[in-house]
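All values reported here derive from a predicted model rather than from experimental measurement. Positions are given from 1, in the same order as the sequence printed here.
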Amino acid sequence: MPPSHLFVFRGNLTHFMCDAWLLPGDTTYTVEDPWYDAVPGLRQAIETARGSTPRFGSGEHLATAMVDWPGGDPLPVLTAVPLDGVLDPADVRPAVRAFVTTAAAAVAARDRMTDRSVPLLGMPAFATGAGGGGPQRGAVLLEVITAARDAATEVGVDVALVLWSESDLALTQAQRKRADAPEPWPDLSPRLRGKAEELAAVAAQGRLVPFMGAGVSVSAGLPTWAKLIDQLAVTAELTGTQRHQLGELDVLDQGHVLRELFQEQGLDFGATVVAAVDRDRYGLAPALLATLPVTQAVTLNYDRLFEIASADAGHRVAVLPEASAAAGDRWLLKLHGSVTDPSSIVLTRDDYLGYGANREALSAIVKALLITHHLLFVGFGLTDDHFHAIVHDVRRAMPDRRRTGASFGTALVLDSDDLQRRVWADSLDLLPMTDSSAADADHDSAQEPMPEAARLLEIFLDCLLAHASDSQTYLLAPEYDGVLSGAERSLRSKLRDFAASCDAAERATPAWRVIANSLRQLGGPDHDVPAI
């Protein structure tokens with residue numbers, strides 16, 4: 001069994017694809033209204049639990065899974081905040097442990113939502129708000145993290161801490177990177193850990209651009225290209241022999257044949273493709289990438305997962321070419337169309353050929369990014385003909401870069417492939433999740449299953465995100481007092497004194513606008529940072 005891992009990102013738990021998730025409440029079965037509003041069927045499930053889980057109502061059990069929950073949705077596990085409130089941060093530990101153990105057992109007894117080597121549980125910043133932990137929010141949050149990590153290790157699951165607050169995320173990432181903290185990424189080799197930190201530095205400079213392929217969306221349960229083609233073939237009622245013959249064709253011709261069959265049968269091809277790939281729950285990969293401090297991204301996917309995850313992470317995204325982006329906006333270039341416009345989807349050879357004639361401007365954006373930024377390819381098989389054409393043009397335009405061996409980006413791949421590395425040697429750094437040196441020493445390790453390599457890729461993205469995060473929005477916020485170091489408390493006190501000492505004339509100067517903005521970025525509330 002691989003070691004458990006704690007993932008951290010900013011998002012909305014009700015939009016996250018996991019196997020089970022923590023629903024905060026108490027032993028009187030009281031749940032805050034926003035949860036009812038966001039989760040269909042939850043109110044009835046709570047009423048059912050009220051009559052069928054007496055040990056939870058008595059306080060003997062601190063967590064209970066919803067019974068008869070629909071198999072197509074992650075399983076809610078009602079978990080009790082102390083009725084008297086969180087008097088001591090350590091009070092949350094028993095409930096968090098109860099959630100992890102109860103959820104793990106419930107997930108083992110039902111069909112999994114995620115196709116991962118390790119079950120995945122999701123949880124919010126438990127007991128930090130209405131649960132009574134607000135005044136000592138930071139200390140409670142750190143207890144939640146420790147308890148979740150310890151319990152997950154015991155039962156062999158992964159946990160994703162899905163945070164709504166930017167300040168909570170800033171504190172959590174800062175604490176994970178402390179020199180005296182437990183190693184947050186023990187699964188990563190020194191090679192992968194070092195590369196994650198290098199890419200994080202590029203992200204902090206504003207030069208990292210995610211380039212996403214179908215593998216990114218697989219974590220949300222969306223089909224790979226092969227599975228999508230198979231689903232379409234089933235809808236078109238192809239026989240087993242015909243489906244085998246279809247698989248022998250070029251991928252672009254597969255799409256062409258299926259579109260023709262759909263038209264002959266009076267079926268809506270575009271609508272069927274949209275129905276297969278349009279989801280509103282994102283997985284780990286979109287969530288981690290959307291939380292990165294980046295302003296541009298490119299995708300070959302049709303789905304809306306990155307857009308939804310970005311909005312939940314506090315970064316609304318303009319989708320090109322559907323919308324225009326203003327200076328400073330985050331934007332996403334969808335090279336192969338979107339589910340929001342089925343006619344834009346690129347799936348057949350005709351689509352690809354028409355793409356080159358009609359969307360050269362979009363190709364030009366990618367070429368510019370390859371020259372001026374560092375692209376991070378995730379879930380992308382590097383076989384797309386259109387992308388090869390773009391790289392070819394950039395290579396010709398930048399011959400010196402080719403001679404010096406400078407790469408245009410980094411591609412995260414599941415396994416080492418020396419032949420693929422030769423293809424891209426003068427353009428991309430291929431970073432396999434498996435350790436080739438270990439594979440050479442041990443033949444069995446060379447046969448590492450892809451699901452575990454895919455999980456390592458998620459852990460790599462978690463490490464990258466943590467090191468790319470440099471926000472300090474918790475420093476001036478009083479609810480994090482209990483977790484600040486002595487030096488941080490001293491600095492906070494001096495900053496507050498400085499802000500309070502500035503009179504109206506000083507605050508009317510242009511320099512004050514810069515200072516006030518800096519104080520806000522450190523979490524200064526309105527009374528510490530007067531309005532200007």
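- Between Ile145 and Gln175 there is no side-chain heavy-atom pair separated by less than 4.5 Å.
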For Ile46 and Met66: C-alpha separation, side-chain torsions, deciding distance, then whether side chain to side chain contact (heavy atoms under 4.5 Å, CB included) applies.
CA-CA 7 Å; Ile46 295 293; Met66 298 295 97; 3.9 Å; yes
Assess the residue pair Arg10 and Asp312 against the criterion (side chain to side chain contact (heavy atoms under 4.5 Å, CB included)); give the C-alpha distance rounded to whole Å, side-chain angles, the decisive distance to 0.1 Å, and a yes or no.
CA-CA 7 Å; Arg10 191 178 176 195; Asp312 289 347; over 6 Å; no
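- Interatomic distance, CG of Leu13 versus CG of Leu22, reported as 8.0 Å (0.5 Å rounding).
- How far OG1 of Thr172 is from CG of Leu142: 6.5 Å, rounded to the nearest 0.5 Å.
- The two residues Tyr480 and Ser167 come nearest to each other via the heavy atoms OH-CB, 3.2 Å.
- Residues Tyr282 and Asn12 are in side-chain contact: their nearest non-hydrogen atoms beyond the backbone lie under 4.5 Å apart.
- The OG atom of Ser493 lies 14.0 Å from the CZ atom of Phe498; values are rounded to the nearest 0.5 Å.
- In terms of the ring pair (Phe, Tyr, Trp, His ring centres under 6.0 Å) criterion, residue partners of Phe9 (sequence neighbours excluded) are, by chain and number, Phe16.
- Every residue two or more places apart in sequence or in another chain that forms a ring pair (Phe, Tyr, Trp, His ring centres under 6.0 Å) with His467 is listed here: Trp185.
- Considering only residues two or more places apart in sequence or on other chains, Glu60 meets the side-chain hydrogen bond (donor to acceptor under 3.5 Å, both in side chains) condition with none of them.
- The NE2 atom of His315 sits 14.0 Å away from the CG atom of Leu332 when rounded to the nearest 0.5 Å.
- Using a 4.5 Å heavy-atom threshold, the side chains of Leu376 and Val209 count as separate.
- Nearest heavy-atom pair, Thr48 versus Ser52, reported as atom, atom and distance to 0.1 Å: O-OG, 2.8 Å.
- Considering only residues two or more places apart in sequence or on other chains, Phe56 meets the ring pair (Phe, Tyr, Trp, His ring centres under 6.0 Å) condition with Tyr29.
- By the 30° and 60° cut-offs, the orientation of the rings of Phe377 relative to Phe380 is parallel.
- For Glu198, the salt bridge (Lys or Arg N to Asp or Glu O under 4.0 Å) partners at least two apart in sequence or on another chain are Lys195.
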Could you walk me through whether Leu465 and Val8 pass the side chain to side chain contact (heavy atoms under 4.5 Å, CB included) test, one step at a time?
CA-CA 9 Å; Leu465 171 59; Val8 180; over 6 Å; no
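- Residues Phe99 and Leu121 meet the side-chain proximity criterion, which asks for heavy atoms closer than 4.5 Å.
- In this structure the side chain of Thr473 never reaches within 4.5 angstrom of the side chain of Leu169, judged on heavy atoms.
- Pairs passing the salt bridge (charged side-chain N to carboxylate O under 4.0 Å, His left out) check and including a residue from residues 95-108, sequence neighbours excluded, read Arg97-Glu154.
- Expressed to the nearest 0.5 Å, how far CG of Leu23 lies from CG of Leu75 amounts to 10.5 Å.
- Here Thr153 contributes atom OG1 and His5 contributes atom NE2; the two are 11.0 Å apart, rounded to the nearest 0.5 Å.
- Side chains of Ser469 and Ser471: no donor on one and acceptor on the other come within 3.5 Å.
- At a cut-off of 3.5 Å, with distance as the only test, a side-chain donor of His374 or Thr410 sits close to an acceptor on the other residue.
- Not a single side-chain hydrogen bond (donor to acceptor under 3.5 Å, both in side chains) links Arg55 to another residue, sequence neighbours left out.
- In this structure the side chain of Arg279 never reaches within 4.5 angstrom of the side chain of Ile308, judged on heavy atoms.
- Summarising the geometry of Val140 relative to Val92, their closest heavy-atom pair is CG1-CG1, 3.9 Å, with the distance given to 0.1 Å.
- Contact check for Met212 versus Pro286: no side-chain heavy atoms found under the 4.5 Å cut-off.
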Listed pairs under 3.5 Å, donor-acceptor, residues 34-42 side chains, sequence neighbours left out:
none

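- The heavy-atom pair separating Ala220 from Gly283 by the smallest distance is CB-N, 3.6 Å.
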Before giving the answer on side chain to side chain contact (heavy atoms under 4.5 Å, CB included), spell out for Phe126 and Thr79 the whole-Å C-alpha distance, their side-chain angles and the decisive distance to 0.1 Å.
CA-CA 9 Å; Phe126 178 68; Thr79 305; 4.0 Å; yes
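- Not counting sequence neighbours, the partners of Thr114 by the side-chain hydrogen bond (donor to acceptor under 3.5 Å, both in side chains) test are Asp19, Arg112.
- Residue pairs meeting the salt bridge (charged side-chain N to carboxylate O under 4.0 Å, His left out) criterion with at least one partner in residues 283-308, sequence neighbours excluded, are Asp278-Arg304, Glu307-Lys334.
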Report the C-alpha separation of Arg149 and Ser4 in whole Å, then their side-chain angles, then the decisive distance to 0.1 Å, and conclude whether the side chain to side chain donor-acceptor pair (under 3.5 Å) test is met.
CA-CA 8 Å; Arg149 185 178 59 238; Ser4 297; over 6 Å; no
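- For the side-chain hydrogen bond (donor to acceptor under 3.5 Å, both in side chains) test, no residue two or more places apart in sequence or in another chain qualifies with Thr224.
- Side-chain contact between Val298 and Leu335 is present, with at least one heavy-atom pair separated by less than 4.5 Å.
- Looking at Thr340 and Glu322, their side chains do bring a donor and an acceptor atom within 3.5 Å of each other.
- Sequence neighbours left out, the pairs with a member in residues 158-180 that pass salt bridge (charged side-chain N to carboxylate O under 4.0 Å, His left out) are Arg116-Asp158, Arg137-Asp168, Asp158-Arg455, Arg176-Asp462, Arg178-Asp180.
- Of all the heavy atoms in Leu464 and Ala196, the pair that sits closest is CD1-O, 3.5 Å.
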